[in-house]
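The structure appears right after this line, and notes come after that.
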2 protein chains.
Amino acid sequence: MEQLDQHNLRITKQRQLILDELCSVTSHPTADELYQMVRKRLPKISLGTVYRNLEILSDCGIIQKLDIGGTQKRFDGNASTHYHVRCSRCGRVDDLSIPPDFNVEKTASRLTRFKILRHRLEFTGLCPDCQS
Amino acid sequence: MEQLDQHNLRITKQRQLILDELCSVTSHPTADELYQMVRKRLPKISLGTVYRNLEILSDCGIIQKLDIGGTQKRFDGNASTHYHVRCSRCGRVDDLSIPPDFNVEKTASRLTRFKILRHRLEFTGLCPDCQS
DNA sequence: CTTTTCTGTAGGAATGGTTACTATTTTTAC
DNA sequence: GTAAAAATAGTAACCATTCCTACAGAAAAG
């Protein structure tokens with residue numbers, strides 16, 4: 001992955017595989033779910049390695065760490081700003097195809113002395129499966 | 001508190017005090033911070049009681065549980081929809097006086113099969129103290 | 001090519017926020 | 001006042017995440 005090169009990160013089997021698996025999926029998996037996925041191809045990888053690499057990759061802005069309710073954090077292979085819906089019953093997280101509105105950051109800047117760096121819009125609701 | 005009556009919650013010293021302290025403050029404290037606050041007036045209260053009541057009160061919609069990054073959850077005595085800024089360096093959370101935009105919920109509804117229940121807009125940035 | 005240095009790894013132990021459990025006390029309805 | 005229901009304090013357990021240690025392989029230097 002050229003993304004790894006750009007950040008001077010070594011390309012290790014583990015790192016590459018974690019990134020590949022995360023990017024191949026739209027389900028916003030938890031660290032543990034990703035660990036199970038990666039283990040199918042690399043059974044000896046440790047959960048600690050998964051956590052460490054997810055941390056590194058999100059620090060570099062290659063992936064996104066989602067802190068979106070529930071006890072576990074979730075991860076998103078798509079690092080660009082976009083919005084999410086989360087099912088309050090089963091925890092499922094989907095992407096939402098609303099175009100991100102960066103004007104709110106300007107509006108917010110006028111109303112606070114914080115230096116605004118980014119924003120996050122999240123919806124809570126019931127997924128199709130949980131509505132019945 | 002008439003809010004407690006309305007939800008058929010028993011009015012205990014502990015519950016009342018937790019709610020009072022939380023509502024008297026705009027700092028969005030963590031459970032542990034609130035525990036320290038309440039302990040000044042009721043030294044024998046247990047941390048478990050604080051957690052249990054915060055859970056109950058937020059389930060009833062009397063307060064708000066904020067899942068806003070960082071390792072700990074934060075609590076807000078203002079249960080109505082409003083937006084927050086969080087300092088990525090020190091964790092401080094402030095309210096933002098942007099009028100909430102409920103239209104985004106309608107927009108989102110059109111773009112997903114989820115039944116939208118609520119939304120949350122959060123900003124990340126640097127607080128005045130951390131900008132230097 | 002060989003040695004040294006550096007980075008990343010696995011695996012397990014430790015941490016810390018939160019929740020669950022239990023015996024006891026408090027609240028509320030009658 | 002009394003009994004039933006619910007809440008409490010205190011402690012133990014839980015579980016997601018982070019930290020630690022010894023080790024292995026790659027990169028850099030000689």
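All of these numbers come straight from a predicted model, not from anything done at the bench. In what follows, every chain begins at residue 1, and chains take the letters A, B, ... in the order their sequences are listed.
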(message) Does anything in residues 84-95 of chain A come within less than 4.0 Å of DNA chain D? Heavy atoms only, and list the residues if so.
(response) none

(request) Could you identify which residues of residues 45-56 of chain B place a heavy atom less than 4.0 Å from some atom of DNA chain D, listed by residue number, or say none? (result) I45(B), S46(B), T49(B), R52(B), N53(B)

(message) Could you tell me how far apart K44(B) (NZ) and dT11(D) (C1') are, to the nearest whole angstrom?
(response)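 So the NZ-C1' distance, K44(B) to dT11(D), works out to 14 Å.
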
(request) May I have the distance from D32(A) (atom CG) to dT18(D) (atom P), rounded to whole angstrom? (result)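 From D32(A) CG to dT18(D) P: 14 Å.
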
Side chains of [X] and [Y] in contact at under 4.5 Å (non-hydrogen atoms):
| X | Y | result |
| --- | --- | --- |
| L66(A) | F75(A) | no |
| T30(B) | K73(B) | no |
| R86(B) | E122(B) | no |
| H84(B) | I68(B) | yes |
| L96(A) | H82(A) | no |
| S80(A) | N78(A) | yes |

(message) Quick check: on DNA chain D, is the nucleotide nearest I18(B) upstream (toward 5') of the one nearest T71(B), or the reverse? Name the residue that is more 5'.
(response)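 The residue whose closest nucleotide sits nearer the 5' end is I18(B).
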
(message) Under the rule for ring pair (Phe, Tyr, Trp, His ring centres under 6.0 Å), what residues qualify as partners of Y83(A), not counting sequence neighbours?
(response)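 Expected list: H119(A).
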
(message) Using the ring pair (Phe, Tyr, Trp, His ring centres under 6.0 Å) criterion, which residues pair with Y51(A)? Sequence neighbours excluded.
(response)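 Once residues adjacent in sequence are excluded, Y51(A) has no partner under the ring pair (Phe, Tyr, Trp, His ring centres under 6.0 Å) criterion.
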
Which donor-acceptor pairs under 3.5 Å do side chains of residues 52-60 of chain B form with protein atoms, sequence neighbours excluded?
{"residue": "R52(B)", "atom": "NH2", "partner": "T49(B)", "partner atom": "OG1", "Å": "3.3"}
{"residue": "N53(B)", "atom": "OD1", "partner": "R15(B)", "partner atom": "NE", "Å": "2.6"}
{"residue": "N53(B)", "atom": "OD1", "partner": "R15(B)", "partner atom": "NH2", "Å": "3.1"}
{"residue": "N53(B)", "atom": "ND2", "partner": "T49(B)", "partner atom": "O", "Å": "3.0"}
{"residue": "E55(B)", "atom": "OE1", "partner": "K65(B)", "partner atom": "NZ", "Å": "2.9"}
{"residue": "S58(B)", "atom": "OG", "partner": "L54(B)", "partner atom": "O", "Å": "3.2"}
{"residue": "S58(B)", "atom": "OG", "partner": "E55(B)", "partner atom": "O", "Å": "3.1"}

(request) Determine, for R74(B) against D76(B), whether the closest basic-nitrogen to carboxylate-oxygen distance falls under 4.0 angstrom. (result)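 Not counted as a salt bridge, because no side-chain N and carboxylate O are separated by less than 4.0 Å.
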
Please produce a list of atom pairs where a protein N or O lies less than 3.5 Å from an N or O of nucleotides 26-28 of chain C.
{"residue": "dT27(C)", "atom": "O2", "partner": "R10(B)", "partner atom": "NH1", "Å": "3.0"}
{"residue": "dT28(C)", "atom": "OP1", "partner": "I11(B)", "partner atom": "N", "Å": "3.2"}

